[in-house]
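Notes follow the structure.
Fair warning: this is a prediction, and the values are worked out from it, not measured in the lab. The chains referred to below are lettered A, B, ... by the order of the sequence lines, with proteins before strands, and numbering in each begins at 1.
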2 protein chains.
Amino acid sequence: MQRLIRISDPDDPRIAAFRDIRERDLVGREGRFVAEGRVVLNVLLSAARYETEAVLLLENRVGGLDELLPMIPDHVPVYVADAATMDGIAGFHIHRGILAIGRRPAQQPVADLLSSLPENALVVALAGISNHDNMGAIFRNAAAFGADAVVLDPTSCDPFYRKAIRVSVGAILKTPFATATSLDDMIGGLSAAGFQILALSPRGEMEIGEAPASARTALLLGSEGHGLPADLMSRLTTVRIPIAEDFDSLNVAAASAVALHRLWRG
Amino acid sequence: MQRLIRISDPDDPRIAAFRDIRERDLVGREGRFVAEGRVVLNVLLSAARYETEAVLLLENRVGGLDELLPMIPDHVPVYVADAATMDGIAGFHIHRGILAIGRRPAQQPVADLLSSLPENALVVALAGISNHDNMGAIFRNAAAFGADAVVLDPTSCDPFYRKAIRVSVGAILKTPFATATSLDDMIGGLSAAGFQILALSPRGEMEIGEAPASARTALLLGSEGHGLPADLMSRLTTVRIPIAEDFDSLNVAAASAVALHRLWRG
């Protein structure tokens, strides 16, 4: 393919954005995110919610990407490297052989996101979700069960973290989200936008299957360790997923799957 | 506490079973497994399904284990070490400061396990689940939704792997399981024991909520990548979890949570 740009030097300045991506995940990356693997790249390109800046492919993966390559906008450079060069660029072994750099958008206020949603809407609201695997898995479930958006409090971890995007199989690049300035701001924003908030807790007052229907529903999930603050719970409708009495608890991502399955009206 | 045995040398032969546990996970460990952390140790001791051989604690964790220590049988040695010694023994940083070695039992034939179950029983059957995170998460969901047992085909990974036990928050040490000699053996054993098998697939013939009730039900889950073999699916009742049309799929562990939630009669 004519547009492929061959890279043979890991220090080539044209692929600087791909360099040492593991380390830079930990310290932030100046308005960009990393998408890995065929499935995630497909979501990035087909959802087209975020701008793709560059693509880096292992040379022996190019042949299998006949359907994806035409989806890459003409102005986006597509670099190709052999395995040693690619691993040298990234700083570790890139198993999937497919990387893309996307541009993070400006932060959108929660109120703006919520006001853009349809009259019938399902939103996932996250408070203190600090584990990137859980973050990715919750987004995957949100996308699978047709949630219109995700809102987060500022103590939740960054959905644009590389591993969260990978675990979400691209859902983070598809489902719109916004981070509130505080937990109160998130709850207040949801209420102001007419959302009935269902706070999921092992001690919820009703089973999730009995939750009252509402045109706009937000499922609120708290941190695995501490759950939702008691004073907040006391002001909200709380729901539970019944489980065996002799076992501890569900993982928060598993709980999100069950709850969203029950709330989805698709 | 009088029974605590102080260890100050990582090469002390008394704690040989704890040495280099990360490496030995990859090559097998001669009839033993590793339980990590307070929650998992609690399940190991309270379920008492498997014999505990030894416990190794970080010295500054001992004070917080007043409830757990009396559950450890008198003949089980409880070793205590400082952080440097403990990390030196294990070969990496033991964040939780609590380790135990358990004894793996002799393999139980699937038919024996199934015949030991009550007349009304829910079983999870796994074919080709090769990821230890998924294995642990599926067991956690199985325990949470009251499954009586798990059966596995021989291509599924080992539930006794350290990380699988950790992710299961101990469910692997609580819920009985057995590995079949082949997928056909597993399916045949379930049928012979009177189980109605529901094969979960994105292309299932009916929604999971509409699955016919049966005193003995087995939920069959296939590998994430390839799913269940087509010839097997054609012989079984297949069920699906409805999801949004424009998104790829659920993770197999998330799917197990939703399906078991629907099948549980607790």
Side-chain angles (χ1 to χ4, degrees), chain A residues 37-40 42-43 46-47 122 131-134 136-148 163 166-175 202 207-209 224-225 240-266, chain B residues 37-40 42-43 46-47 122 131-134 136-148 163 166-175 202 207-209 224-225 240-266:
Chain A
R38 182 201 184 93
V39 174
V40 174
N42 182 45
V43 176
S46 56
L122 176 60
N131 176 292
H132 290 100
D133 288 274
N134 286 335
I138 291 169
F139 264 88
R140 183 172 179 177
N141 294 331
F145 293 114
D148 297 279
K163 194 180 182 194
R166 190 178 73 219
V167 171
S168 83
V169 295
I172 285 169
L173 307 180
K174 177 182 169 65
T175 301
E207 292 194 7
I208 181 74
E224 279 210 276
R240 68 176 184 275
I241 295 168
I243 67 166
E245 283 175 15
D246 63 350
F247 194 70
D248 187 54
S249 66
L250 288 172
N251 160 271
V252 65
S256 77
V258 172
L260 290 167
H261 163 75
R262 297 306 297 238
L263 294 174
W264 188 42
R265 288 153 291 187
Chain B
R38 182 201 185 92
V39 174
V40 174
N42 181 47
V43 176
S46 55
L122 176 60
N131 176 291
H132 290 100
D133 290 274
N134 285 335
I138 291 169
F139 265 88
R140 184 173 179 177
N141 294 331
F145 293 114
D148 297 279
K163 193 180 182 195
R166 189 178 73 219
V167 171
S168 82
V169 295
I172 284 169
L173 307 180
K174 177 183 170 65
T175 301
E207 292 194 7
I208 181 74
E224 280 209 276
R240 67 176 184 276
I241 296 167
I243 66 167
E245 282 175 14
D246 63 350
F247 194 69
D248 187 55
S249 65
L250 287 171
N251 161 270
V252 65
S256 78
V258 172
L260 290 167
H261 163 75
R262 297 307 296 237
L263 294 174
W264 188 42
R265 289 153 292 185

Next item on the list: Go through the atoms of A171(B) and report whether side chain, backbone, both or neither lie under 4.5 Å from a heavy atom of chain A.
Entry: both

Notebook entry, point to check: Is there a side-chain contact between P242(A) and F145(B), using heavy atoms and a 4.5 Å cut-off?
Noted result: no

Next item on the list: Output the distance between atom CG (D133(B)) and atom CG (D133(A)), rounded to the nearest 0.5 Å.
Entry: 6.5 Å

Margin query: As an exercise: rank V167(A), V258(A), D248(A), V39(A) by heavy-atom pairs under 4.5 Å with chain B and give me the winner.
Written below: V258(A)

Checklist line | D246(B) side chain near K174(A) side chain, heavy-atom distance below 4.5 Å | finding: yes

Check: Which distance, rounded to the nearest 0.5 Å, do you find between the CD1 of I243(B) and the CG of L260(A)?
Finding: 12.5 Å

Margin query: Between T175(B) and chain A, with a heavy-atom cut-off of 4.5 Å, which part of the residue counts as in contact: side chain, backbone, both or neither?
Written below: neither

Note to self: I'd like to know which of A47(B), A257(B), A259(B) tops the heavy-atom pair count under 4.5 Å against chain A.
What the structure shows: A257(B)

Notebook entry, point to check: For the atom pair CD (E207(B)) and NE2 (H261(A)), what is the distance rounded to the nearest 0.5 Å?
Noted result: 8.0 Å

Identify each donor-acceptor pair in which a side-chain atom of residues 137-144 of chain A lies under 3.5 Å from a protein atom, sequence neighbours left out, and give them as a table.
| unit_1 | atom_1 | unit_2 | atom_2 | d |
| --- | --- | --- | --- | --- |
| R140(A) | NE | S249(B) | O | 3.0 |
| R140(A) | NH2 | S249(B) | O | 3.4 |
| R140(A) | NH2 | S249(B) | OG | 3.0 |
| R140(A) | NH2 | L250(B) | O | 3.2 |
| N141(A) | ND2 | A137(A) | O | 3.2 |
| N141(A) | ND2 | A253(A) | O | 3.0 |
| N141(A) | ND2 | S256(A) | OG | 3.1 |

